[in-house]
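To find a chain, count down the sequence lines: A is the first, B the second, and so on, and within it residues start at 1.
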Number of protein chains: 2
Amino acid sequence: MPMLPPIRARANHLDCNQPMPKIATWNVNSIRTRLDHVCQWLDSTGVDYLCLQETKVTDAEFPRQPFLDRGYHVYCSGQKAYNGVAILSRQPLAGVEAGFAPQLPSHSELDTQKRLIRAQFAPDVILVNVYIPNGGEYDSEKYHYKLHWLKTLYVYLEQLTTQGEVILCGDFNIAPEDKDLFDASDRATKVGATDAERNLLAAIRDLGFHDAFRQFTEAPGHYSWWDYRSGAFRRNHGWRIDHLYVTPGVKARACNCHIDIAPRRLPKPSDHAPVILEIE
Amino acid sequence: MPMLPPIRARANHLDCNQPMPKIATWNVNSIRTRLDHVCQWLDSTGVDYLCLQETKVTDAEFPRQPFLDRGYHVYCSGQKAYNGVAILSRQPLAGVEAGFAPQLPSHSELDTQKRLIRAQFAPDVILVNVYIPNGGEYDSEKYHYKLHWLKTLYVYLEQLTTQGEVILCGDFNIAPEDKDLFDASDRATKVGATDAERNLLAAIRDLGFHDAFRQFTEAPGHYSWWDYRSGAFRRNHGWRIDHLYVTPGVKARACNCHIDIAPRRLPKPSDHAPVILEIE
DNA sequence: GATTCTGTAG
DNA sequence: CTACAGAATC
């Protein structure tokens, strides 16, 4: 694990009188279908940075105007029907790059699926938004694709963490510990909870990341995703797979991190709930 | 044209203190999609018998409960995705038969498409609900199927009208006269308005049927169907293709027949409006 | 234009 | 269970 320098300058948000900026991650399962939910949620929470996954829309078709109207800048990397990530920010962001290729040209084949976007969050803080592959069935092609994607993410972040602080957030499709899913039985073949996935996530974490949610909450039973099927939400049969990982300089400034389950209660919700990190 | 006997007994509805029973026909273009529209419309109009077409659902999947809750009996003959007819009735109905086969076994091949259901409406009145084929393009296979279906319906009704009064209603996909469609130009090849179709409809009518709507309204410009495309409804570019045909005994008791265009104004409407016949 | 299916994905 | 694509139907 490389030594991490202290934050070298005040973050953007501190330059503009926002005492407690909020950074959130939310797999919306189609930004077009969830447009009203997201707009109302932004209006009510005042989140300053929102990292979206599964936007399921090309950049040309991304519904920018509702967010522009609310004072957000929109940075997106999407495709038709599947995947797609975006960052909404009240501040204009520099250093926006989509995919692995700008940093790892040899891994550009992974960029046909739009799963990663990053931006300069502050002069020495980079924000990385990921939608890690679901993984399908255990030992399937999709499962191995997920493992390969995680290994590539490790290399990507290994480089990035040497440059300064990092906020890494998104839908990881991994429950880090048994207490992060409602039923950890048969976990050897339960995709999202297997050793291979957890070990790769642990390797990434060991680059210097801390699970912001676990800074504030140790208890089990807190989830960010519930299957649409068989009343999983009603029974709280969920998984905590949406995360904000932060390097020490950001960790030191973290004030709170929680999952907001209110949007999951709405009619026609995303199957994921947003997770909010507040930093001073 | 066979001589028709007078009505031999009071209709069911007169046995239960409903002074002005209403019989309606409505192509709902998917009963599942239009469930709320139909329920609200039944609640507001108090229609007693509703003949539905294009229910697009198997009998096992038909959403019965909302109608049972409202005091209707449900008789349906449907299939997956296409076609499908049903009768809703406040009274339980006897003599329910689906398709041509019970009466014309030699034409059972037409019953693979669920387009006909009938029931005993009163001791000497039979109610027949049809969804006549659309016909596709002029001179196409579908067009000739429509003509064949109409010829079979003629034979079916030729038998039925000897047994008593008949109410024949449904989506006929035929505008009987030029005034029944907004643009009768090029009608030689305009499916729904060609001579072959009109002649077959006229042959059926000549079995003793009267167009109930035309008992009360002679004017052109009254339509029951408008294409979803190009603002056809807004411009009243429609066709009158949903009909209630009644034999003389019923005609003598008809008090009103009108098209209710209100449901066509709702969000996500069927492309057809219901037609209501009131009888004393 | 609106709905349905099949197929894919999660 | 929800969403999207693409084809077919009307």
Quiz prompt | Length of the line joining His272(A):NE2 and dA3(D):C1', which is rounded to integer Å | solution = 13 Å

Quiz item: Atom CG of Asp271(B) to atom P of dC10(D): distance rounded to whole Å?
Solution: 12 Å

Strictly below 4.0 Å: does [X] bring a side-chain N or O up to OP1 or OP2 of [N]?
X: Arg34(A); N: dA3(D); value: yes
X: Lys80(B); N: dT6(C); value: yes
X: Arg264(A); N: dC1(D); value: no
X: Lys56(A); N: dA9(C); value: no
X: Ser30(A); N: dC4(D); value: yes
X: Thr33(A); N: dT2(D); value: no

Quiz item: Is there a residue in residues 220-242 of chain A whose heavy atoms reach under 4.0 Å of DNA chain D, and which residues are they?
Solution: Tyr228(A), Arg229(A)

Quiz prompt | Donor-acceptor pair between Asn129(A) and Gln53(A) side chains, under 3.5 angstrom | solution = yes

Practice problem: Classify the side-chain pair Tyr143(A)/Thr194(A) by whether it contains a donor and acceptor separated by less than 3.5 Å. | Solution: yes

Exercise. Name the orientation class of the two ring planes belonging to Phe62(A) and Phe67(A) (parallel below 30°, tilted from 30 to 60°, perpendicular beyond 60°).
Key: tilted

Quiz item: Does any N or O in the side chain of Tyr228(A) come within less than 3.5 Å of the main-chain N or O of Asp271(A), such that one atom is a donor and the other an acceptor?
Solution: yes

Practice problem: For Glu54(B) and for Ala81(A), locate the closest nucleotide of DNA chain D by heavy-atom distance; then report the residue assigned to the nucleotide nearer the 5' terminus. | Solution: Ala81(A)

Quiz item: Taking it one step at a time, do Phe172(B) and Tyr245(B) satisfy ring-ring contact (aromatic ring centres under 6.0 Å, His included)?
Solution: CA-CA 11 Å; Phe172(B) 286 68; Tyr245(B) 281 100; 5.4 Å; yes

Practice problem: Take atom CD of Glu141(A) as the centre, draw a 6.0 Å sphere, and report whether it contains more than 12 heavy atoms from other residues, nucleotides or ligands. | Solution: no

